[in-house]
Amino acid sequence: MVSHADEFCAHSGPGCESLSESSLLKLLDKFISALKTGKSSKVVDLYRKKNPLLLATLDNSPITNTSGLTTYFDKFLLNSPVATIIQTFAFLDGNILAGLYNFEVNVLSEKCAPKKCGPTTSIQCSHDCRTIVRARFTFFYECNKNIWKIAHHHSSKLPFQTNETSNNVHHAWK
């Protein structure tokens, strides 16, 4: 799938100024805030409408349309994810933010069934029914009419899960 240059721009151009490191971090905060609402529509609205790409942590198939994003986030949000950013790398010449984050999520099992967690995604399970998923991420942003959207989002579970956490560290490259 090809992005159409007449509709979107990855770099600065008319109505599309390059993002700063702080702007990229604000867009990531916007994503995390949308997850906290428990509403897939709030999350999906952050992605571009035409040919979005999500390579998701908890799905084996690329997600390439709005209905697929909705289906994925409907399911993902049942886990009541709470994200903590560990480290970021901002690539300012490409409007890309990459890094590491942890997701605290519900573990749904016979002992920790959704009904024990409450009737909505906003209610957290007890600590015994939660776990930490350590993952890496990359967000590539494009703008359309001065509105920055996620064009490509890759998130994958770290291959080696450890108990190590580091202080939030941010790096920026031009």
Side-chain angles (χ1 to χ4, degrees), residues 1-5 7-59 61-66 68-70 72-73 76-77 79-105 132-162 164-174:
M1 291 183 211
V2 177
S3 173
H4 300 282
E7 295 177 39
F8 294 97
C9 53
H11 301 286
S12 59
C16 297
E17 299 304 318
S18 290
L19 291 167
S20 65
E21 180 181 9
S22 64
S23 295
L24 284 165
L25 292 171
K26 286 177 185 174
L27 288 169
L28 179 59
D29 287 340
K30 199 173 180 181
F31 176 79
I32 291 169
S33 294
L35 291 175
K36 288 179 186 177
T37 69
K39 297 177 182 176
S40 62
S41 61
K42 297 284 187 189
V43 182
V44 172
D45 189 51
L46 300 175
Y47 289 79
R48 71 180 185 186
K49 301 295 179 232
K50 189 172 187 175
N51 301 328
L53 176 61
L54 171 60
L55 301 173
T57 307
L58 302 177
D59 199 304
S61 299
I63 299 166
T64 59
N65 57 50
T66 302
L69 290 172
T70 300
Y72 175 79
F73 284 111
F76 182 68
L77 292 172
N79 296 311
S80 299
V82 176
T84 304
I85 304 306
I86 303 301
Q87 187 174 32
T88 61
F89 301 89
F91 297 89
L92 303 179
D93 60 346
N95 300 315
I96 296 169
L97 187 65
L100 302 173
Y101 49 20
N102 291 341
F103 276 104
E104 183 178 348
V105 295
I132 301 289
V133 177
R134 289 168 174 77
R136 53 191 163 204
F137 65 86
T138 303
F139 288 92
F140 168 62
Y141 292 94
E142 289 184 337
C143 74
N144 183 4
K145 299 176 185 168
N146 287 328
I147 299 173
W148 287 94
K149 296 286 187 174
I150 300 166
H152 171 94
H153 174 194
H154 173 221
S155 181
S156 59
K157 189 174 172 183
L158 291 177
F160 305 104
Q161 298 290 305
T162 67
E164 291 180 29
T165 58
S166 60
N167 294 330
N168 291 352
V169 179
H170 307 287
H171 303 279
W173 289 276
K174 259 197 169 217

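The heavy-atom pair separating H152 from H154 by the smallest distance is NE2-CB, 3.8 Å. Across all their heavy atoms, T138 and A98 have their closest contact at OG1-CB, 3.8 Å. Between K157 and V133, the shortest heavy-atom contact is CG-CG1, 4.1 Å. Across all their heavy atoms, K42 and A34 have their closest contact at O-CB, 3.7 Å. Closest approach of L77 to K39, counting heavy atoms only: CD1-C, 3.6 Å. Closest of all the heavy-atom pairs between S20 and L92 is C-CD2, 3.6 Å.
For the atom pair CG (L46) and NZ (K149), the distance works out to 6.5 Å, reported to the nearest 0.5 Å. For the atom pair CG (D29) and NZ (K36), the distance works out to 8.0 Å, reported to the nearest 0.5 Å. Taking CD1 from I150 and CD from E142, the interatomic distance works out to 11.5 Å, rounded to the nearest 0.5 Å. Remark: I147 CD1 to D45 CG distance equals 9.0 Å, nearest 0.5 Å. Atom-to-atom distance recorded for T70:OG1 and Y47:OH is 11.0 Å, nearest 0.5 angstrom. Note: N79 CG to E104 CD = 11.5 Å, rounded to the nearest 0.5 Å.
Residues R136 and L158 form a side-chain contact, since some pair of their non-hydrogen atoms from C-beta on lies under 4.5 Å apart. Put simply, the side chain of S155 reaches to within 4.5 Å of the side chain of Y101, judged on heavy atoms. The shortest side-chain heavy-atom distance between V44 and Y72 does not fall under the 4.5 Å cut-off. Between F103 and L35 there is a side-chain heavy-atom pair separated by less than 4.5 Å. The closest side-chain heavy-atom distance from I86 to N102 is below 4.5 Å. Annotation: side chain of L53 is in contact with side chain of P62 (closest heavy-atom distance under 4.5 Å). For the pair L69/L54, a side-chain contact is recorded, criterion being any heavy-atom separation below 4.5 Å from C-beta on.
Without hydrogens or angle criteria, N95 side chain to L19 main chain gives a donor-acceptor distance under 3.5 Å. Looking only at distances, a side-chain donor or acceptor of D59 sits under 3.5 Å from a matching main-chain atom of S61.
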So I85 and I32, side-chain contact (heavy atoms from CB on, under 4.5 Å) or not? Walk me through it. CA-CA 9 Å; I85 304 306; I32 291 169; 3.4 Å; yes
Between T57 and S156, does the side-chain contact (heavy atoms from CB on, under 4.5 Å) criterion hold? Intermediate values first, please. CA-CA 4 Å; T57 307; S156 59; 5.7 Å; no
List the steps and the verdict of ring-ring contact (aromatic ring centres under 6.0 Å, His included) for H153 and F140. CA-CA 6 Å; H153 174 194; F140 168 62; over 10 Å; no
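Ring geometry for F139 against Y141 counts as parallel: the plane angle stays under 30°, on a 0 to 90° scale with 60° as the upper cut.
Under the side chain to side chain contact (heavy atoms under 4.5 Å, CB included) rule, T88 has a single partner from L100, L97, L24, which is L97.
Residues satisfying the side chain to side chain contact (heavy atoms under 4.5 Å, CB included) test with S33, not counting sequence neighbours, are none.
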